[in-house]
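Here's the structure, in structure tokens; my notes come after.
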Amino acid sequence: MAAAAHHLPLGTQRLAPTRHGGGSSSSSPLLPSLHPASRCPSRPGQPAVRFQAPPATARAERAAGFTARVAFNPSGNYDLSLSMDQDDAPQVQPPPPPTEGRFEIVLNNETIRTLDLSPVQEALGDLSSLTAADSKALLERTVGFTINYEREDQYDTRELSELPEIRLWFVRLDAAYPWFPVVLDWRAGELARYTAMLVPHQMSTRLGVVFNPEALELFVMKKVFAVDMWLKQQNHPKPRLKAADMGRMLGFGIGDELFDLIEKYPVNPS
């Protein structure tokens with residue numbers, strides 16, 4: 001991926017396989033489906049969130065003490081890497097350029113250091129009193145970030161998503177507006193970068209961002225719940241479709257049964 005302000009750049013390190021000690025759980029994490037999820041309703045008895053069981057080779061690798069890793073790029077593609085003997089050539093294509101006319105939130109060292117969310121209000125207005133027209137404009141134009149961050153150490157090669165102070169700013173943003181991922185410029189990789197700010201990961205020159213699969217699963221499900229509720233509050237015509245599309249961008253197929261349960265047992269926002 002290109003190392004631009006709007007794109008999620010790559011690191012230079014190569015990942016080593018993770019080994020667990022003898023006290024680790026024997027259960028293996030579920031792996032997100034490697035194929036695009038279908039929008040068709042789930043059949044009775046099928047899980048609302050669809051996963052693909054790891055192949056026999058994956059199970060054998062984990063039995064030997066290795067943990068499979070799920071790699072992600074902003075196009076929503078996964079690449080399961082179980083061997084470190086593969087070519088180091090990058091396999092992740094850079095995302096398209098930012099969507100023309102999108103809202104741009106500009107951050108600098110001072111706003112990040114002070115956890116100042118005012119650049120969000122300056123770019124988007126008062127998000128606590130959005131009208132249906134306001135939310136429609138956010139969803140149509142989308143939102144991106146320009147992070148002008150000057151490092152104290154010129155030899156610091158960490159990516160922006162690896163810097164604790166930047167991640168903390170995004171943690172506060174996400175706590176204030178848990179629905180925020182749905183209005184991001186997905187096409188230009190902003191959803192990928194936002195996710196990297198909040199989900200444990202490593203950087204791979206060949207694979208791009210390599211997320212902890214269990215942490216990513218929890219993050220996606222939490223965001224699906226939050227986004228579905230917010231879209232309904234904004235009278236969006238197809239909230240479950242939009243929330244499912246967001247999950248699909250992160251590699252998860254969300255079945256209709258999950259949304260049926262949400263509607264059957266609603267929660268009134270506090």
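The chain is numbered in sequence order, starting from 1.
- Between Phe145 and Phe180, the ring planes are tilted. Angles from 30° to 60° get that label.
- Nearest heavy-atom pair across Glu190 and Leu184 is O-CD1, 3.8 Å.
- Nearest heavy-atom pair across Arg151 and Arg158 is NH1-O, 2.6 Å.
- Side-chain contact between Phe259 and Val224 is present, with at least one heavy-atom pair separated by less than 4.5 Å.
- At distances below 3.5 Å, at least one donor-acceptor pair connects side-chain atoms of Arg141 with backbone N or O atoms of Gly101.
- Using modelled atom types, one side-chain atom of Thr131 and one backbone atom of Asp134 make a donor-acceptor pair closer than 3.5 Å.
- Nearest approach of Thr146 to Glu104, heavy atoms of both residues: OG1-OE2, 2.9 Å.
- How far OG of Ser135 is from CD of Glu140: 9.5 Å, rounded to the nearest 0.5 Å.
- Under the 4.5 Å side-chain heavy-atom criterion for ILVMFWY residues, no single connected hydrophobic cluster contains both Phe211 and Leu218.
- The pair Lys222-Asp174 does not meet the salt-bridge criterion, since no charged nitrogen lies less than 4.0 angstrom from a carboxylate oxygen.
- Arg167 contributes a side-chain N or O that, together with a main-chain N or O of Val199, makes up a donor-acceptor pair within less than 3.5 Å.
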Test side-chain contact (heavy atoms from CB on, under 4.5 Å) on Arg193 and Glu159 and set out the steps. CA-CA 11 Å; Arg193 179 162 68 173; Glu159 304 295 340; over 6 Å; no

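- Under the 4.5 Å side-chain criterion, counting only non-hydrogen atoms from C-beta, Gln233 is in contact with Met229.
- Across all their heavy atoms, Pro97 and Arg187 have their closest contact at O-NH1, 3.5 Å.
- Salt bridge absent: Arg240 and Asp228 never bring a charged side-chain N and a carboxylate O closer than 4.0 Å.
- Using a 4.5 Å heavy-atom threshold, the side chains of Asn212 and His201 count as separate.
- Ala132 and Gln234 get closest at one heavy-atom pair: CB-O, 4.0 Å.
- Between atom CG of residue Leu261 and atom CG of residue Asp256 there is a gap of 11.0 Å, rounded to the nearest 0.5 Å.
- Under the 4.0 Å criterion applied to side-chain N and carboxylate O atoms, Arg248 and Asp245 are assigned as salt-bridge partners.
- Using the six-membered ring where Trp is involved, Tyr194 and Phe219 have ring planes that are tilted, between 30° and 60° apart.
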Quick one: do Val210 and Met203 satisfy side-chain contact (heavy atoms from CB on, under 4.5 Å)? Show the steps, please. CA-CA 6 Å; Val210 184; Met203 306 300 296; over 6 Å; no

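- From Phe103, atom CZ reaches atom CG of Leu138 across 5.5 Å, with rounding to the nearest 0.5 Å.
- Both Ile147 and Leu115 are assigned to one and the same hydrophobic cluster, defined by single-linkage of ILVMFWY side chains at heavy-atom distances under 4.5 Å.
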Could you go step by step and tell me if Leu127 and Trp179 meet the side-chain contact (heavy atoms from CB on, under 4.5 Å) rule? CA-CA 11 Å; Leu127 297 182; Trp179 47 265; 4.0 Å; yes

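- Grouping the Ile, Leu, Val, Met, Phe, Trp and Tyr side chains by contacts below 4.5 angstrom, directly or via other members, places Val171 with Val120.
- By the side chain to side chain donor-acceptor pair (under 3.5 Å) test, Ser118 pairs with Asp116, sequence neighbours left out.
- Of the possible donor and acceptor atoms, none in the side chain of Thr111 sits under 3.5 Å from a partner among the backbone N and O of Leu107.
- A heavy-atom distance below 4.5 Å is found between the side chains of Ile105 and Val143.
- Applying the side chain to side chain donor-acceptor pair (under 3.5 Å) rule to Glu165 yields the partners Tyr149; only residues at least two apart in sequence or on another chain are considered.
- At least one side-chain heavy atom of Leu258 sits under 4.5 Å from a side-chain heavy atom of Met221.
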Test log, rule side-chain contact (heavy atoms from CB on, under 4.5 Å), inputs Lys223 and Val182: CA-CA 9 Å; Lys223 290 304 149 189; Val182 76; over 6 Å; no

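- Rounding to the nearest 0.5 angstrom, the gap separating the CG atom in Asp185 from the CZ atom in Arg102 is 4.5 Å.
- The environment of Lys136 atom NZ is sparse: at most 12 non-hydrogen atoms of other residues, nucleotides or ligands sit within 6.0 angstrom.
- The CG atom of Asn109 sits 5.5 Å away from atom CD of Glu150, with the distance rounded to the nearest 0.5 Å.
- Taking every heavy atom of both residues into account, Trp186 and Pro181 meet most closely at NE1-O, 2.9 Å.
- Taking the side chain as every heavy atom from C-beta outward, Thr195 and Val209 never approach each other to under 4.5 Å.
- Distance check: Leu173 CG to Leu117 CG gives 6.0 Å after rounding to the nearest 0.5 Å.
- Shown here are the side chain to side chain donor-acceptor pair (under 3.5 Å) partners of His236, two or more places apart in sequence or in another chain: there are none.
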